[in-house]
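Worksheet for the structure shown next.
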There are 2 protein chains.
Amino acid sequence: MKSENGVIGLKSSPSTGYVTADDVATAAGVSRWTVNRAFKKDASISAAARAKVLLAAETLGYVPDLRAASLASDHSNLVAILIDDFANPHKLVMLERLTRVLRGRGWDMMLVNTLDRDDAEPALMNARRRRVDATILIGIQFDDEVLEAAHKAQHFKKLIIFARSSENKDTISISVDDRAATLEIAEYVRDRGYKAPFYLAGPRTSSAHLSRKETFLDFWAKEFGVTCDSVAVPAYDSILAADIISETLSNKPENQRPDIIVCENDALALGVIDAIRHRLGLRVPDDIAVIGFDDVPQCESPNYRLTTYRQPLMDMANYLVDVLESSENSQLDKTFIGRLVVRESA
Amino acid sequence: MKSENGVIGLKSSPSTGYVTADDVATAAGVSRWTVNRAFKKDASISAAARAKVLLAAETLGYVPDLRAASLASDHSNLVAILIDDFANPHKLVMLERLTRVLRGRGWDMMLVNTLDRDDAEPALMNARRRRVDATILIGIQFDDEVLEAAHKAQHFKKLIIFARSSENKDTISISVDDRAATLEIAEYVRDRGYKAPFYLAGPRTSSAHLSRKETFLDFWAKEFGVTCDSVAVPAYDSILAADIISETLSNKPENQRPDIIVCENDALALGVIDAIRHRLGLRVPDDIAVIGFDDVPQCESPNYRLTTYRQPLMDMANYLVDVLESSENSQLDKTFIGRLVVRESA
DNA sequence: CAATAATTTGCACGCGTGTGCAAAAATATC
DNA sequence: GATATTTTTGCACACGCGTGCAAATTATTG
């Protein structure tokens with residue numbers, strides 16, 4: 001056994017405080033490359049050597065340095081998740097699923113808070129500086145303009161839009177099939193005999209057609225020849241939704257009041273329920289029914305019991321990792337089908 | 001102007017696809033070191049050179065590689081946040097504040113989902129492999145046993161417990177002053193004339209004394225000579241809290257019913273309000289009042305209007321960054337004082 | 001304008017690992 | 001038991017940037 005610095009059993013580089021593969025190599029009596037192979041999954045190494053190395057690593061407290069590995073191999077097993085709109089509780093659910101699935105399959109993630117639209121570019125920059133393998137966008141502020149600017153420069157290996165559809169060609173979109181989901185909701189509304197639905201939309205996203213609102217309104221127009229009213233809330237915020245819906249409805253005479261309010265997501269729907277009860281003094285669902293989208297945890301609360309549409313987040317997250325591990329870079333868009341969760345609100 | 005590879009204006013290393021400082025250097029007609037200095041804040045570089053470099057970098061689309069920088073300098077400006085209990089909506093609030101403050105001050109963060117207690121060690125390992133500058137623990141599953149094992153091996157530069165007190169010496173704890181907070185709550189309960197409080201605790205954390213529950217019970221015992229009843233919920237979960245509190249209270253004769261339920265946090269309190277109304281058929285606060293802790297967004301909802309204690313999360317997050325930027329490694333524990341937010345639930 | 005001080009720039013070496021290939025060792029084949 | 005085959009191991013070089021120092025340039029002073 002040779003020792004590179006003339007001392008046997010001592011760390012050769014105590015300056016940084018970290019144990020390196022070289023330290024383990026001398027301790028185990030093998031070369032550094034064998035050490036690193038012991039930590040690689042399908043590496044060409046004998047079982048005996050691997051055991052010897054892992055034992056030495058264990059006692060010395062060595063773990064491979066992923067910065068160096070990434071630098072040398074040019075893939076980091078790191079993704080950046082850019083997320084805005086922390087006010088929406090569904091974000092917490094998505095984060096839980098994503099972190100769980102990603103980590104389970106060997107990926108780490110950076111979380112980047114994207115404050116507002118102008119902040120999108122610096123936020124994307126943060127991801128770029130770490131040379132992440134993919135950048136995942138979750139939120140509403142990433143419009144086509146930002147996306148094209150970002151990808152035109154070829155600065156991103158993979159740019160993934162999660163839980164929102166996008167028609168941008170340089171982008172991979174993993175989302176629920178909004179059209180199918182909205183049609184299922186619309187048919188449910190029809191079949192339960194509601195006659196005067198009202199649609200509460202969220203902030204306008206970039207791609208106007210094929211949106212949930214358009215789909216619902218189209219369906220209703222074709223089915224009954226009646227235009228369904230709608231209003232847009234400028235943010236996915238319960239309080240704001242409550243303000244807007246109560247103002248909208250208190251102006252209407254009672255016989256023009258909707259019998260159900262279909263909301264673009266739960267954040268809005270929960271605010272709507274609050275408004276119906278506490279501002280308008282009406283009952284849910286007896287006077288006005290409510291339907292949401294996402295199935296956030298609060299939907300279970302006996303206060304809300306919100307009927308809503310649940311996205312298959314685990315499937316979507318797993319597919320996301322499939323995309324990460326794929327060498328393809330296009331034609332990876334995929335939509336998923338969720339299911340309507342019927343509770344008492346509609 | 002020399003060109004290192006004999007070609008002027010062409011990228012010298014097109015293999016990786018990334019633009020390197022060398023590319024910018026040849027484009028700007030300076031050395032690579034001048035390029036990197038242009039991106040360092042207090043570097044010794046002339047204004048003219050910096051402008052020239054930044055222009056070239058802009059057109060070529062160069063941003064410094066933080067993996068390489070970290071490897072060379074042995075500090076990464078990256079922290080890992082280990083978080084369990086994604087069910088608690090307060091976690092989303094904390095994440096928003098932390099990500100905002102950290103990014104604003106030049107730090108990136110890795111998010112690691114710690115599934116359960118046995119998962120703590122692999123989760124910590126994930127942070128170690130990236131050589132993060134600090135590991136921040138937010139959650140309940142990091143008991144003293146885990147902490148000591150983690151730090152005894154000296155594997156972490158800084159181990160920070162955020163929003164929870166800890167007496168572990170190898171650890172930096174940044175939290176609200178639980179004792180002061182609970183006393184403020186207790187005095188409020190007393191001053192509003194409540195006579196029969198009930199304390200609803202969460203899962204048992206490692207350090208038993210000085211906890212919120214102990215503080216409240218001690219206060220009440222000293223003040224009135226009466227022991228205040230309490231029950232513990234094994235998870236910070238609204239539904240579970242509702243189950244347990246309704247079971248506990250439905251067994252009691254009406255004259256032994258508490259007039260206020262003090263909860264260890266909002267997740268429990270919101271469930272308690274649901275239970276009081278929908279399981280027990282009583283009113284809040286007329287029959288039973290409720291107090292929470294954290295001030296999650298839902299407290300604002302007209303359904304809840306929860307009186308609660310708000311932690312100064314922005315101050316705490318900023319102090320966290322102070323700690324990151326400090327060269328000290330001990331004596332950095334700090335507690336903060338929040339404030340009671342009075343609404344209608346108590 | 002010369003001499004000195006201050007500022008700016010260039011460079012050798014190191015950070016810890018991956019890649020592809022060749023040498024060495026172990027195993028299989030006749 | 002000798003050769004062919006497979007498995008395992010070692011190695012030179014590269015990845016992109018930071019550090020500390022010395023050389024070159026610019027600014028200051030009398």
Measure distances between side-chain N and O atoms of Arg37(A) and base N and O atoms of dG10(D), and say whether any donor-acceptor pair falls under 3.5 Å. yes

Ignoring hydrogens and angles, does a donor from either the side chain of Arg67(A) or the base of dG16(D) sit under 3.5 Å from an acceptor on the other? no

Within the modelled atom types, does a donor on one side and an acceptor on the other bring the side chain of Arg32(A) and the base of dG18(C) under 3.5 Å apart? yes

Separation of His75(A) atom NE2 from dT17(C) atom P, in whole Å? 15 Å

Under the side chain to side chain contact (heavy atoms under 4.5 Å, CB included) test against Met94(A), which residue among Ile83(A), Ile138(A), Asn88(A) passes? Ile138(A)

Spacing between Tyr62(B) atom OH and dC17(D) atom C1', to the nearest angstrom: 7 Å

Position toward the 5' end of DNA chain C (nearest nucleotide), Val30(B) or Ala68(B): Val30(B)

Measuring from the side chain of Ala21(B) (C-beta onward, heavy atoms only), which nucleotide among dT19(C), dG10(D), dC17(D) has the closest atom? dC17(D)

Rounded distance (Å) that lies between atom P of dT17(C) and atom CG of Leu66(A): 10 Å

Distance, rounded to the nearest Å, where Leu71(A) contributes CG and dT19(C) contributes P: 12 Å

Which nucleotide in the set dT17(C), dG18(D), dG16(D) lies at the smallest distance from any side-chain heavy atom of Ala69(B)? dG18(D)

Look at all strands and tell whether Ile45(A) reaches a base, only sugar-phosphate, or nothing, counting heavy atoms closer than 4.0 Å. sugar-phosphate

Would the base of dT8(D) count as contacting Trp33(A) through its side chain, where contact means a donor and an acceptor less than 3.5 Å apart? no

Could you work out which one of dG10(C), dC17(D), dG18(C) sits closest to the side chain of Ser31(B)? dG10(C)

Nearest-Å distance for atom pair CZ/C1', residues Phe39(B) and dG18(D): 15 Å

Hey, could you give me the OG1/CD1 distance between Thr335(B) and Ile174(B), rounded to the nearest 0.5 Å? 11.0 Å

Would you please indicate yes or no on a ring centroid separation below 6.0 angstrom for Phe162(A) and Tyr319(A)? no

Quickly work out the Lys40(A) NZ to dT9(D) P distance and round it to whole Å. 16 Å

For Arg103(A), is there an ion pair with Asp108(A) - N to carboxylate O distance below 4.0 angstrom? no

So, OP1 or OP2 of dT26(D): does either fall under 4.0 Å of a side-chain N or O from Ser46(B)? no

Which nucleotide in dG14(C), dG16(C), dT9(D) has an atom nearest any side-chain atom of Thr20(A): dG16(C)

Nearest-Å distance, CG (Asp65(A)) to P (dC17(D))? 17 Å

If you compare every side-chain N and O of Ser73(A) against the phosphate oxygens of dT19(C) (OP1, OP2), does one of them come in below 4.0 Å? no

Could you check how far CG of Asp23(A) sits from C1' of dC15(C), rounded to whole Å? 13 Å

Chi angles and distances behind the side chain to side chain contact (heavy atoms under 4.5 Å, CB included) call for Val63(A), Phe39(A): CA-CA 9 Å; Val63(A) 287; Phe39(A) 285 89; 5.6 Å; no

